[in-house]
A.B. asks: 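Below is a structure I'd like to ask you about.
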There are 2 protein chains.
Amino acid sequence: MATIERGELLSKQVEEALRERMRQGCFSPGEQLPPENDLAATFGVSRATVRAALANLQREGTVVRRQGAGTYVTHAAAYLDSRLEGMWDCEDMIRARGCEPSVGWLEYEECLPDEQTRRKLRLQPAENVLVVRKVFLADGQPVIHCADFIPRALIGKSFTRDDLAKNVFAFLEEFAGERATYYVAELAPTVADGSMAQRLGCSSGTPLLLFDEVAYNIKDRPISCSLLHHRREGVLFRVVQSRP
Amino acid sequence: MATIERGELLSKQVEEALRERMRQGCFSPGEQLPPENDLAATFGVSRATVRAALANLQREGTVVRRQGAGTYVTHAAAYLDSRLEGMWDCEDMIRARGCEPSVGWLEYEECLPDEQTRRKLRLQPAENVLVVRKVFLADGQPVIHCADFIPRALIGKSFTRDDLAKNVFAFLEEFAGERATYYVAELAPTVADGSMAQRLGCSSGTPLLLFDEVAYNIKDRPISCSLLHHRREGVLFRVVQSRP
DNA sequence: TAGTGGTCTAGACCACAAA
DNA sequence: TTGTGGTCTAGACCACTAG
């Protein structure tokens with residue numbers, strides 16, 4: 001029943017097989033999973049491979065494990081789509097809520113960054129940045145205001161306005177040959193000011209969730225920073241914490 | 001130089017040893033770490049053990065790894081204290097920002113929960129909850145308003161007002177014999193209304209970050225839920241995302 | 001005491017990146 | 001081509017929980 005094949009990652013296949021069974025209700029929330037040795041025998045893989053799969057499920061909160069007691073299914077599996085973890089793209093976030101994403105407005109300019117941006121990107125005083133501002137719509141309703149700042153010097157190829165509608169990380173890979181390996185985001189609550197309210201189609205004073213992010217390449221060099229303002233109705237952020 | 005001993009978790013010791021060297025500047029941000037085989041030989045452990053240690057460092061964003069290229073130190077190690085991950089306690093959050101935590105105000109009551117709370121805790125219609133409301137201070141300044149909801153039936157021992165000043169998870173372990181194994185939190189921006197503003201010593205309309213949390217025990221039963229309102233100045237939440 | 005998950009080893013092979 | 005990290009195995013022993 002496992003249909004585990006060589007080729008794909010074995011642990012990923014085991015993980016997906018377990019996930020699928022949970023979706024089908026074969027294992028229900030609160031129930032205990034078979035022991036690792038049984039699973040290893042069932043799938044025809046080593047116990048270490050099963051453990052890798054279970055570790056992934058545990059990290060995302062789908063199962064809870066306790067030494068001596070067993071592995072139990074949680075009902076958190078239902079929340080998997082709205083996780084804060086692994087979010088790299090505004091349009092994916094919107095899709096995760098079951099809406100159709102689009103870009104409703106876009107403008108860009110090349111200019112000298114303000115002091116804070118300059119420091120975040122570790123730029124020399126006279127270095128320019130490309131600033132891209134957009135509003136993302138979910139089923140036609142504005143939900144996210146995004147401002148991306150990219151060091152001008154990184155951009156090696158010429159681009160068009162359409163290229164800027166892409167995710168900043170995709171843009172960086174294509175036009176700067178830079179890959180973001182990690183980012184650091186700071187979360188803060190804020191309220192919409194006049195221009196933000198106008199662009200997001202809400203009234204001034206509406207609460208917004210601000211993500212202040214800086215992305216780095218493998219060499220730990222900052223390659224972009226972004227300010228993302230999320231409307232409360234637009235995106236739901238969930239955090240699942242589990243402990244041993 | 002490693003001083004790895006039997007007894008403690010080997011992988012934890014390796015992890016700490018590497019962390020310590022990074023703190024001492026022995027490995028600086030942007031630098032490459034020695035290959036896994038070298039580290040294994042240096043510490044006198046197997047490569048799998050080294051990999052477990054590196055996986056932990058990678059997950060928290062302290063290092064970035066790429067197949068074929070190597071393992072690199074990031075500068076994100078400096079942010080380790082303000083992580084959203086692993087936050088289970090308001091006072092710890094406040095300490096993480098270098099402030100002294102205290103409880104500035106506390107009130108509690110036993111009552112019937114509203115419909116939303118009842119559903120979150122999966123309670124029968126007539127079941128009571130213990131509601132505890134407190135305000136946490138950071139160096140004397142109010143920063144977090146916390147409301148905890150605990151099913152009354154879970155509480156087996158009698159308690160005093162002082163017991164309620166504790167972390168809800170510590171309270172549950174002591175007075176209900178229940179351990180929280182994971183929680184699900186939803187983040188949302190909001191603004192202070194009249195009473196909230198008064199308790200938090202801010203003006204009405206001040207932006208706040210709301211955590212709407214539900215905690216579960218190992219059997220996937222909800223054992224408490226909480227509404228946490230954070231002032232922007234009070235707590236800094238950072239999220240570090242890394243990708244393979 | 002039996003059975004569970006947690007840790008560790010030694011070795012193998014593969015995929016990928018850089019010189 | 002060389003060296004890196006990524007995956008997988010088979011087996012061992014330990015720590016904890018429950019009956």
A.B. asks: Please lay out, stage by stage, how B:R19 and B:E15 fare under the test salt bridge (Lys or Arg N to Asp or Glu O under 4.0 Å).
C.D. replies: CA-CA 6 Å; B:R19 226 191 284 276; B:E15 189 184 325; 2.2 Å; yes
A.B. asks: For D:dT7 and A:T49 - does any side-chain N or O of the residue sit under 4.0 Å from the phosphate oxygens OP1/OP2?
C.D. replies: no
A.B. asks: Is any side-chain nitrogen or oxygen of B:S11 closer than 4.0 Å to OP1 or OP2 of C:dC8?
C.D. replies: yes
A.B. asks: Whether the side chain of A:Q32 engages the backbone of A:A69 through a donor-acceptor N/O pair (distance < 3.5 Å, no angle test) should be reported.
C.D. replies: yes
A.B. asks: Whole angstrom is fine here: how far is it from CG in B:N37 over to P in D:dG6?
C.D. replies: 13 Å
A.B. asks: Please report, rounded to the nearest Å, how far the C1' atom of D:dG6 is from the CG atom of A:L9.
C.D. replies: 8 Å
A.B. asks: Could you pick out which residue, A:A48 or A:G68, lies toward the 5' side of DNA chain D when each is mapped onto its nearest nucleotide?
C.D. replies: A:A48
A.B. asks: Rounded to whole angstrom units, what separation is found between the CG atom of B:L57 and the P atom of D:dG5?
C.D. replies: 13 Å
A.B. asks: Check whether the side chain of A:R47 and the base of C:dG6 form a donor-acceptor pair under 3.5 Å.
C.D. replies: yes
A.B. asks: If I take atom CD in residue B:Q67 and atom P in nucleotide C:dA18, what distance separates them, rounded to the nearest angstrom?
C.D. replies: 12 Å
A.B. asks: So, does B:T71 get its side chain near the phosphate of D:dT4, meaning an N or O under 4.0 Å from OP1 or OP2?
C.D. replies: no
A.B. asks: Whom does D:dG19 pair with, Watson-Crick or G-U wobble, provided both distances fall under 3.5 Å?
C.D. replies: none
A.B. asks: For B:E36 and C:dT9, what is the distance between atoms CD and P respectively, to the nearest whole Å?
C.D. replies: 14 Å
A.B. asks: Please report the C-alpha distance between A:F159 and A:F171 in whole Å, then the side-chain angles of each, then the deciding distance to 0.1 Å, and finally whether the ring pair (Phe, Tyr, Trp, His ring centres under 6.0 Å) criterion is met.
C.D. replies: CA-CA 9 Å; A:F159 55 88; A:F171 178 84; 5.5 Å; yes
A.B. asks: Taking OH from A:Y72 and P from D:dA18, how many angstroms apart are they, rounded to a whole number?
C.D. replies: 7 Å
A.B. asks: Side chain of A:R65 only, heavy atoms from C-beta on: which candidate in D:dT9, C:dT9, C:dG5 is closest?
C.D. replies: C:dG5
A.B. asks: Strictly below 4.0 Å: does B:R66 bring a side-chain N or O up to OP1 or OP2 of D:dT4?
C.D. replies: no
A.B. asks: Which whole-number value in Å describes the distance from A:Q32 CD to C:dG5 C1'?
C.D. replies: 11 Å
A.B. asks: Has A:R179 got a side-chain atom pairing as donor or acceptor with A:E173's backbone, closer than 3.5 angstrom?
C.D. replies: no
A.B. asks: When you check the phosphate oxygens OP1 and OP2 of C:dG11, does a side-chain N or O of B:S46 lie under 4.0 Å from one of them?
C.D. replies: no
A.B. asks: When the ring centroid of B:F211 is compared with that of A:F237, is the distance short of 6.0 Å?
C.D. replies: no
A.B. asks: Whole-Å distance between C:dC14 P and A:L10 CG?
C.D. replies: 13 Å
